[in-house]
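To start, the structure itself, in structure tokens.
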Amino acid sequence: MEKKRTTIVLFSGDYDKAMAAYIIANGAAAYDHEVTIFHTFWGINALRKQAPVAVKKGILEKMFGFMMPRGAEKLGLSKMQMLGMGPKMIKHVMKKHNALTLTQLIDMAQEQDIKLISCTMTMDLLGLQKEELLDDVQYAGVAAYLADAESGHVNLFIG
């Protein structure tokens, strides 16, 4: 029997939308799907390491790196940002209900062998380097995503 495949494009850099992507991905993996999350544009920020990494960059790349959130827990919400209070409030509610954080969901995805792919074209555009992203991330262009999606049973776009 052919193994089911789920592919997700994570375009958004919003905490709640990234959480949704990773909850769906981990659920699909638990149901024995082969899962790929293709991170592009602002979705790549979920894969950034929290600590700064010393890499050589031009001034424009440094500016992008400074303006973008560094790591999953620094992402803002899509709604109810409230000058930064929204993310703190949602994380408090999540902790109260023993819900996993986005970082924990990403760790779980890696443990379940979910393919986390960073879009190389976006990395070039935003001046991100491999050293700045989490370990065990794969790097590919849109053609690699399309190859996975072509045989996918479930294909989602989270933007």
Side-chain angles (χ1 to χ4, degrees), residues 6-26 29 35-95 99-149 152 155-159:
T6 296
T7 66
I8 300 171
V9 174
L10 180 57
F11 177 84
S12 175
D14 296 324
Y15 191 86
D16 47 326
K17 292 179 182 180
M19 287 249 338
Y22 276 90
I23 289 168
I24 293 166
N26 281 302
V35 182
T36 298
I37 305 177
F38 185 77
H39 300 74
T40 189
F41 284 91
W42 315 120
I44 289 177
N45 289 319
L47 298 177
R48 288 184 75 193
K49 292 178 181 173
Q50 290 183 3
V53 177
V55 291
K56 188 174 179 166
K57 290 185 171 193
I59 193 152
L60 193 57
E61 290 85 6
K62 284 180 186 178
M63 287 174 57
F64 269 122
F66 178 74
M67 292 187 297
M68 294 185 304
R70 185 175 283 122
E73 297 307 317
K74 299 287 187 201
L75 301 178
L77 292 178
S78 62
K79 307 279 186 215
M80 300 184 340
Q81 191 65 289
M82 300 184 312
L83 301 173
M85 287 301 298
K88 289 181 174 82
M89 290 168 49
I90 195 73
K91 289 175 187 175
H92 173 75
V93 171
M94 288 169 56
K95 186 174 183 178
L100 296 176
T101 66
L102 179 53
T103 300
Q104 291 169 321
L105 289 168
I106 293 170
D107 291 343
M108 181 186 289
Q110 289 178 313
E111 290 168 10
Q112 293 196 86
D113 294 323
I114 292 173
K115 282 199 302 190
L116 306 181
I117 301 175
S118 180
C119 176
T120 52
M121 183 198 73
T122 301
M123 289 176 65
D124 290 344
L125 291 174
L126 300 179
L128 292 171
Q129 298 177 23
K130 292 178 180 181
E131 295 83 5
E132 297 177 88
L133 301 183
L134 300 174
D135 297 333
D136 299 323
V137 170
Q138 298 176 36
Y139 305 92
V142 71
Y145 167 74
L146 290 173
D148 280 348
N155 297 302
L156 303 172
F157 181 90
I158 299 181

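Heavy-atom minimum distance, Leu75 versus Ala18: CD1-CB, 4.2 Å. In this structure, Asp16 and Ser78 approach most closely via the heavy-atom pair OD2-OG, 2.5 Å. In terms of heavy atoms, Gln104 sits closest to Leu100 at OE1-CA, 3.3 Å.
Cation-pi geometry between Lys91 and Tyr15 is satisfied (NZ or CZ under 6.0 Å from the ring centre, within 45° of the ring normal).
Side chain of Gln110 to backbone of Leu105: no donor-acceptor contact under 3.5 angstrom is found. The backbone N or O of Ala109 lies less than 3.5 Å from a partner atom in the side chain of Asn26, making a donor-acceptor pair. Of the possible polar contacts, one joining the Lys17 side chain to the Gly159 backbone as a donor-acceptor pair under 3.5 Å is found.
Applying the side chain to side chain donor-acceptor pair (under 3.5 Å) test to residues at least two apart or on different chains, the pairs with a partner in residues 121-132 are Thr40-Thr122, Lys57-Glu132.
When the side chain to side chain contact (heavy atoms under 4.5 Å, CB included) test is applied to Ala20, no partner is found at least two apart in sequence or on another chain.
Ion pairing of Lys115 with Asp148 is present here, as a side-chain N (NZ or NE/NH1/NH2) and a carboxylate O approach within less than 4.0 Å.
Of the residues Phe41, Tyr22, Phe157, Phe38, the one that meets the side chain to side chain contact (heavy atoms under 4.5 Å, CB included) test with Leu10 is Tyr22. For the side chain to side chain contact (heavy atoms under 4.5 Å, CB included) criterion with Ser118, the lone passing option out of Leu134, Leu128, Ile37, Leu133 is Leu133.
For the pair Lys88/His92, no side-chain contact is recorded, criterion being any heavy-atom separation below 4.5 Å from C-beta on. Residues Trp42 and Leu126 are in side-chain contact: their nearest non-hydrogen atoms beyond the backbone lie under 4.5 Å apart. Looking at Leu116 and Ile106, their side chains come closer than 4.5 Å, going by heavy atoms from C-beta outward. Counting only heavy atoms from C-beta outward, the side chains of Thr101 and Glu73 approach each other to under 4.5 Å. The side-chain heavy atoms of Thr103 and Gln50, taken from C-beta on, include a pair separated by under 4.5 Å.
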List the steps and the verdict of side chain to side chain contact (heavy atoms under 4.5 Å, CB included) for Met80 and Met89.
CA-CA 10 Å; Met80 300 184 340; Met89 290 168 49; 5.8 Å; no

Dump the intermediate steps for side chain to side chain contact (heavy atoms under 4.5 Å, CB included) on Asp14 and Leu77, then the final yes or no.
CA-CA 5 Å; Asp14 296 324; Leu77 292 178; over 6 Å; no

Would you please test Tyr145 and Val9 for side chain to side chain contact (heavy atoms under 4.5 Å, CB included) and show each step?
CA-CA 8 Å; Tyr145 167 74; Val9 174; 3.3 Å; yes

Can you list the steps and then say if Thr36 with Ile114 is a side chain to side chain contact (heavy atoms under 4.5 Å, CB included)?
CA-CA 6 Å; Thr36 298; Ile114 292 173; over 6 Å; no

Distance-only donor-acceptor hits, side chain of residues 60-69, under 3.5 Å, sequence neighbours excluded:
from  : atom 1 : to    : atom 2 : distance (Å)
Glu61 : OE1    : Gly58 : N      : 3.2

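One distance of note links CD1 of Ile90 with CE of Met94; it measures 7.0 Å at 0.5 Å rounding.
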